Protein chains: 2
Amino acid sequence: MPEDNKLIYYLNKWSDISKDNEATITSAFELISIKKKKDLLVSGEVCNYLYFITQGCLRSFYIDSKGVEHIYQIRMDNSWISDLESFFSQVPSEYNIEALEDSHLLRISNERMEQLLAEIPQLERYFRILFQKAYVNALTRLNATMWKTAMDRYNDMLKEHPEIFQRVPLIYIASYLGITPESLSRIRKQK
Amino acid sequence: MPEDNKLIYYLNKWSDISKDNEATITSAFELISIKKKKDLLVSGEVCNYLYFITQGCLRSFYIDSKGVEHIYQIRMDNSWISDLESFFSQVPSEYNIEALEDSHLLRISNERMEQLLAEIPQLERYFRILFQKAYVNALTRLNATMWKTAMDRYNDMLKEHPEIFQRVPLIYIASYLGITPESLSRIRKQK
DNA sequence: TTAAACACTTGACCTATGGTAAGAAATAAA
DNA sequence: TTTATTTCTTACCATAGGTCAAGTGTTTAA
């Protein structure tokens, strides 16, 4: 399936895009490639694009005052990545986004995105549902972080996202789970 | 300001509701009152309504297998409360929502909500932005829970939401912060 | 093909926070 | 006003997970 079609396929899962609008949407996105370890976004810059990953794997993280990286997201094929705050408000980002594999992305600029959302209510609907689900997921993850043990979170992740363990180094998974690599190593040993 | 107008005022902050649509929206919501300590939602039920708090204070929480309550949200005047997953998917909720003060709410049913969203793209836009911001906030809160100390989180909350400390018992604030009431008490003593 | 960088593990020790229990203070109910 | 309930504090001990340091594999790049 060509990259554009994957995007349209996913939009249609939650919304209902007409053929005319499919063409408009498709032409608003630009296909780009990024090599492993290269940055899509660097802290301090405005995040000018919203990205749909057609193939690959990326992480978003921020660097604290001690220079330690903390990972917010690990995203793979057929999902979105950006700094939403920076993208929609056009303010400098505090995050970095980096490719963990050679990746193919479809990107749309803030300006074009705002036009499309105003023009195509069905797209607005898609993103309303997307963010609604993302919010519910974030609250679930928050709760797990607050009240479950690191081992439970590790096991949940292993069950729910086994593919991540095939493609992403454990040091990144540890950070995503909110623990140190040393702790993750001990947890894995215990099993 | 009457309750309906407060709702419209907030919708117009992020979207642009026409006079005709204002009337349609207003008539879709029903004004209800709830007494302190009464439940708006009980775990196991489907969350049939989305609520806009015009006045008052509520909490949403879930009860774990040991019978301990964990608070997700504390919400006051001019904000929304619901279990979004249950409300939009019409599946039984795992949460409870309880009034911490006598409160006034505007509520809308799932059925009416879906109609309105389909009918009024500007409303869809409002909720797209609402959920987008809620998602960004949830990620920020997640990160703080993972990587900041409980004392830092307490101080941040004191600075950002001082009104909550005037209106909500510390035991609930502790749970919201992801710590026990005992820990919160120690933190407050140290200052 | 060798060196450098990265990924992962292990051990010893430390600290923030949890668990339990009990009492004081404040608030609500009778 | 008295009693009951809820909220908050304190003390003591337990523990999950962090920190630091060192060592072993395993990629990556020169």
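What you see is a predicted model, and the numbers here were worked out from it, not measured in a lab. Just the heavy atoms: all of them, side chains too, but no hydrogens, waters or symmetry mates, feed the values below. All chains are named by letter (A, B, ...) in the order of the sequence lines, taking the proteins before the strands, and each is independently numbered beginning at 1.
- Position along DNA chain C of the nearest nucleotide to B:Arg153 versus B:Glu182 favours B:Arg153 as the more 5'-ward residue.
- B:Met151 places its CE atom 14 Å from the P atom of C:dG18, with the value rounded to the nearest Å.
- Contact annotation for B:Thr180: backbone-only contact, meaning every heavy-atom pair under 4.0 Å involves sugar-phosphate atoms and none involves a base.
- Applying the 4.0 Å criterion to OP1 and OP2 of D:dC8, one finds that B:Lys189 has every side-chain N and O outside that range.
- Summary of the strand contacts: B:Leu184 and A:Thr149 both lie near DNA chain D, and taking for each the nucleotide with the nearest heavy atom, the more 5' one is attributed to B:Leu184.
- In this structure, A:Trp147 and A:Leu170 both approach DNA chain C, and ranking their closest nucleotides by distance from the 5' end singles out A:Leu170.
- Comparing B:Lys37 and B:Ser183 by the nucleotide of DNA chain D whose heavy atom lies nearest to each, the residue mapping closer to the 5' end is B:Lys37.
- Between B:Trp147 and A:His70, the ring-plane angle classifies as tilted under the 30° and 60° cut-offs.
- Residue contacts for B:Lys66: at a heavy-atom cut-off of 4.0 Å it reaches no nucleic acid atom on any strand shown.
- When distances run from any side-chain atom of A:Pro169 to the nucleotides D:dC8, C:dT10, C:dA7, the shortest one goes to C:dA7.
- Evaluation of atom-type donor-acceptor distances gives no pair under 3.5 Å for the side chain of B:Arg186 against the base of C:dT15.
- A:Lys148 comes within contact range of no nucleotide atom at all, as no heavy-atom separation falls under 4.0 Å.
- Both tests hold for A:Arg107 against A:Tyr49: distance to the six-membered ring centre under 6.0 Å, angle to the ring axis within 45°.
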Test A:Arg125 against B:Glu114 for salt bridge (Lys or Arg N to Asp or Glu O under 4.0 Å), laying out the working first. CA-CA 11 Å; A:Arg125 177 176 182 82; B:Glu114 290 288 4; 3.6 Å; yes
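- Here the side chains of A:Asp39 and A:Ile97 are not in contact, with every heavy-atom distance at 4.5 Å or above.
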